[in-house]
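Report on the structure given below.
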Amino acid sequence: MPQSRPLTTLPIHPPGDFDFRRTVLGHGWYALPPFRYDSERGALGGVASLGGTIIPWEIREQGSLLELRVPARLAPHLRMPLKATVRSCLRMDEDLAEFHRQTRRLVSHRWIARTRSGRLLRAPTVFEDAVKLLCTTNCTWALTETMVKRLVEEFGPGDGARAFPSPEAIARSSERVLRTRCTLGYRAPFALELARRVADGSLEIESWRTTPLPTDELYATIRRVKGFGPYAAGNLLKLLGRYDYLGLDSWVRARYATLHGHGRKISDATIERHYKQYGRWRGLIFWLEMTRHWHEEKFRRQA
DNA sequence: GCGTCCAGGTCTACC
DNA sequence: GGTAGACCTGGACGC
């Protein structure tokens, strides 16, 4: 957040079972632009695009409240929509009471409710989450960061602070530009097709957050999008508030093998079978178990 | 510095 | 339904 411009502060009241740092740092999204995280100040920054207005913002804890800092010149009629966007990114309106009740039943899971864990940072739009997930497939995290950074630099609206590109901006691009300048490689045609389908209205991706479709049908819908296999679809579901799928990748397989198999490789079917007992929350419990060591390292003061 | 190998998910073709 | 190979990039490694 540029400090040279006058800022104004908007208070946000989080729900009682909310933990700011665990929500922000619970997976890697905070490191992908337009998000950025200042660990010294404990502040998450972002850039919103609301009705054609590009708005840099920053949020951090201030006592029991959260303090959202925005440019003082921000029009009053955009303040509530911006607060709603940030609340949605931080999953503040998601009801995790049932999830936390379930985790209290097992001694090994009580830390989850005790530390108010379970919310996973997401982007302002499903489109942004989907493109970013595509950028995580079959590559290192460093390459994912490069891809997203270049997409924002190349197509993101704004001067200086850039928001994530709209579907239309990417749709107007070309496979060649996405391949070379944004380093998407063979993912370029997948990203282009996704952007074009969203831009022309044939894929109503934003409705996925509120659709009444059963999760299995929504999963099948996501799988029909090119480039979205079991890993990408399962993890996109988590960002839509559905936790019925695990979204296995090589890192969590290795982590599971370390935790449950003394380092020996364990089949996906065995992992799936193990988590079936947790019902519709299994994907979230799985992710929190796999990353518990992050919680113990990053959040030692609370865990 | 250069070449080779490998890891990382998904798609397609094939059995 | 299961499997092999291709896709692309960057890092590790050997020379």
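Protein chains get the first letters and strands the later ones, always in sequence-line order, with residue 1 at the start of each.
Regarding A/Met147, its CE atom lies at a distance of 15 Å from the P atom of B/dG8, rounded to whole Å. The nearest whole Å value for the distance from the CZ atom in A/Phe190 to the P atom in C/dC8 is 10 Å. The interatomic distance linking A/Arg253 (CZ) with B/dA7 (P) rounds to 14 Å, in whole Å. Remark: P of B/dG9 and CH2 of A/Trp251 are 12 Å apart, rounded to the nearest angstrom. Distance CG (A/Leu178) to P (C/dT9): 12 Å, rounded to an integer number of Å. If you take CG of A/Leu143 and C1' of C/dC7, they are 13 Å apart, rounded to a whole angstrom. Atom CH2 in A/Trp141 sits roughly 13 Å away from atom P in B/dG9 (whole-Å rounding). Taking atom CZ of A/Arg150 as the reference point, atom C1' of C/dC8 lies 14 Å away to the nearest angstrom.
Within the nucleic acid shown, A/Ser250 comes within 4.0 Å of sugar-phosphate atoms alone, with no base atom in reach, counting heavy atoms only. Note on A/Ala142: nothing from the nucleic acid sits closer than 4.0 angstrom, heavy atoms only.
Side-chain atoms of A/Tyr186 and base atoms of B/dG9 include a donor and an acceptor less than 3.5 Å apart.
With salt bridges taken as basic N to acidic carboxylate O contacts below 4.0 Å, none links A/Arg122 and A/Asp129. Of the charged side-chain nitrogens involved, none lies within less than 4.0 Å of a carboxylate oxygen, so that A/Glu145 and A/Lys149 do not count as a salt-bridged pair. Salt-bridge check for A/Glu98 with A/Arg280: passed, with a basic side-chain N closer than 4.0 Å to an acidic carboxylate O. Classification of A/Glu128 and A/Lys132 as a salt-bridged pair holds, one side-chain N sitting under 4.0 Å from a carboxylate O.
The side chain of A/Arg187 contributes no N or O atom lying less than 4.0 Å from OP1 or OP2 of B/dT10.
Candidate nucleotides B/dT10, B/dT12, B/dG9 were compared by shortest atom distance to the side chain of A/Asn138, and B/dG9 ranks first. With distances taken from any side-chain atom of A/Arg179 to the nucleotides B/dG9, C/dC7, B/dT12, the minimum falls on C/dC7. Taking only side-chain atoms of A/Arg223, from C-beta outward, the nucleotide of C/dG10, B/dG9, B/dC11 with the closest atom is B/dC11.
Side-chain rings of A/Phe35 and A/Tyr30 stay apart, their centers remaining 6.0 Å or farther from each other.
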